[in-house]
Amino acid sequence: MMFKGRWQFINRIVETLASAKSKGYVFHGQKRVGKTSILIHLRERLNDADQFLCTNFSLSDTATRPAEQPTEAAETESLFAYRFLRALWEALRDFAGRYPGRPVPPFDHPSLDALRADPNPGMTLRERLDDFRWACTQTPGWESRQLVFTIDEFTYLYDAILENDANPARGVPPAYMKFWKGRIEQRLFSAVRVGQDTMPKFLLRFRNELISLMPERLTYLDPQSARELIEDPVRVPETGKSRYLGGAVDKIIELTGGNPYYIQIFCDKLVQEMKRVSQAETTEVEVNELARQLVHDGVQGLTVSAFDGLLAAGNFLQEQAQMAQNWAVLYAIAQNSRGGGSAVRNCPAETVYAAPAVAHLGEVAVAERLRDLEDRRVVERPPQQPDAYRIRVRLFRDWLLHNPPPDHAPGRADG
Ligand SMILES: Nc1ncnc2c1ncn2[C@@H]1O[C@H](COP(=O)(O)OP(=O)(O)O)[C@@H](O)[C@H]1O
Ligand SMILES: [Mg+2]
């Protein structure tokens, strides 16, 4: 699988974890920006170094289980102890598989039933971990390995808390975060916590429970890495020559903004088409034609699900109101960024506010949505024109022109 760019980002995480005062690492970004892909490569990188043992710690069953009653505190503890010890066991199993022949300290974990019957699962967890640490001191290459958990989709927990806010019979109650705080303070492990763009709000709301770390934002690929991701998978085998001619690559970078997911779906379709018509190469003409097909309605056209990560910060379902408002604001920007022909121009701020598409929102809501979209890097203000907006993914801008917000009455004179 292709993986481009991101090594500087990964190196920064490794350096942070290796520093003596490390409190772990937190980063977030749009849906499909490449967070999980980074974690996969980060784990390999960490396990390759003698300093770390790294595995993923899954929160998914926490975030989806029904509300915990106070009487279930014991259950929470047993579950956590089980998940923790099981994750450690899996890390060792995977390590042994990845490096056959290298020594691995012996370790076994109790069953979930045993931990449920245990009057003090928290203490059992600490004892087992102590035993493991001692076994490490007896195993060559393990004397100073640090246990690191990657926690992907950490903001699912926040989604579950928001769900509980709305309906106390559902989701996860905020009190659960106190339990989490206790586990962090025990410093049983270092964590790399990763989630969607609701992360800053999550950390702010639980700043007493979650160690306050500056969350990093993961953005799109730099142009060089984007270029490699476009060209490298389909180079001509004998010569290594690119199959993209003329301005084709630059055009794809412009259309996708360097977002790896959009590059991937765009280039997949482009390559399929090259095969279909038995062409060894592709040009800007085919690129433009594909872009045209993708943004129109119809079988080829991309649906809203391809853009939900741009329309909303986190859980698509929980944020339907914001999503609809963002859609209206983005539609206004798209409409007012039409230059002559296929040219794109920046959309002046006052034009957004005056657009009929946002008339039902009011100025305050529009300002708030613009701030959200700018924070999440969906739109940007060009340095040479700071009072104007542009949508970063050109494909999204073009798509919006053909896909007004669902409640938008067609035929209104706002075109
Ligand atoms: N650095 C990268 N190089 C190549 N492809 C990538 C890269 N990052 C992400 N992708 C592709 O983009 C898609 C979404 O990535 P993913 O890591 O699942 O995003 P996220 O976890 O942020 O939602 C995947 O199909 C993945 O293969
Ligand atoms: Mg992911």
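Indexing begins at 1, ligand by ligand and atom by atom, following the structure's order.
- Under the rule for a salt bridge (Lys or Arg N to Asp or Glu O under 4.0 Å), R243 has no partner lying at least two apart in sequence or in another chain.
- Counting only residues at least two apart or in different chains, ring-ring contact (aromatic ring centres under 6.0 Å, His included) contacts with residues 187-206 comprise F84-F189, F149-F189, F154-F202, Y158-F202, F202-F206.
- More than 12 heavy atoms of other residues, nucleotides or ligands lie within 6.0 Å of CD in E143, so this atom counts as buried by the packing criterion.
- Considering backbone and side-chain N/O atoms, G34 comes within less than 3.5 Å of an N/O atom of ligand 1.
- With a heavy-atom cut-off of 4.0 Å, R6 touches ligand 1 through its side chain alone.
- Every N/O-N/O distance between L229 and ligand 1 stays at or above 3.5 Å.
- The protein heavy-atom contact nearest to atom 27 (O) of ligand 1 is M1 CE, 3.5 Å.
- S37 OG, 3.7 Å is the protein heavy atom nearest to atom 26 (C) of ligand 1.
- Distance from atom 23 (O) of ligand 1 to its nearest protein heavy atom, with residue and atom name: R32 N, 2.7 Å.
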Name every donor-acceptor pair, under 3.5 Å, that has one atom in a side chain of residues 86-93 and the other anywhere in the protein, sequence neighbours excluded.
from, atom 1, to, atom 2, distance (Å)
R86, NE, E90, OE2, 3.0
R86, NH1, H109, NE2, 3.2

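- Of all protein heavy atoms, the one lying nearest to atom 4 (C) of ligand 1 is M2 O, 3.3 Å.
- Looking at Q30, its side chain does come within 3.5 Å of a backbone N or O of R376 through a donor-acceptor pair.
- The environment of Q8 atom CD is sparse: at most 12 non-hydrogen atoms of other residues, nucleotides or ligands sit within 6.0 angstrom.
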Verdict with reasoning, V344 to R394, per side-chain contact (heavy atoms from CB on, under 4.5 Å): CA-CA 9 Å; V344 179; R394 165 78 192 258; 3.1 Å; yes
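- Given atom 12 (O) of ligand 1, the protein heavy atom at minimum distance is Q264 OE1, 3.6 Å.
- Shortest contact from atom 18 (O) of ligand 1 to any protein heavy atom: T36 CB, 4.1 Å.
- Between F9 and F27, the distance separating the two ring centers is shorter than 6.0 angstrom.
- Protein N/O/S atoms closer than 2.8 Å to the Mg ion (ligand 2), listed by chain and residue number, are T36 OG1.
- Ion pairing between D232 and K4 holds under the 4.0 Å rule for side-chain N and carboxylate O.
- None of L42, L221, D222 except one satisfies the side chain to side chain contact (heavy atoms under 4.5 Å, CB included) rule with R6; the exception is L221.
- Distances below 4.0 Å separate heavy atoms of K35 from the following atoms of ligand 1: 17 (O), 19 (O), 20 (P), 21 (O), 22 (O), 23 (O).
- The nearest heavy-atom contact from the protein to atom 7 (C) of ligand 1 is P260 CB, 3.7 Å.
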CA sep, side-chain torsions, deciding dist, call: T283, E286, side chain to side chain donor-acceptor pair (under 3.5 Å): CA-CA 6 Å; T283 70; E286 284 88 20; 2.8 Å; yes
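- For the atom pair OG1 of T124 and CG of L129, the computed distance is 12.0 Å after rounding to the nearest 0.5 Å.
- For ligand 1, the polar-atom distance check finds an N/O of K4 within less than 3.5 Å of one of the ligand's N/O atoms.
- Within the listing of ligand 1, atoms 1 (N), 2 (C), 3 (N), 4 (C) sit less than 4.0 angstrom from a heavy atom of F3.
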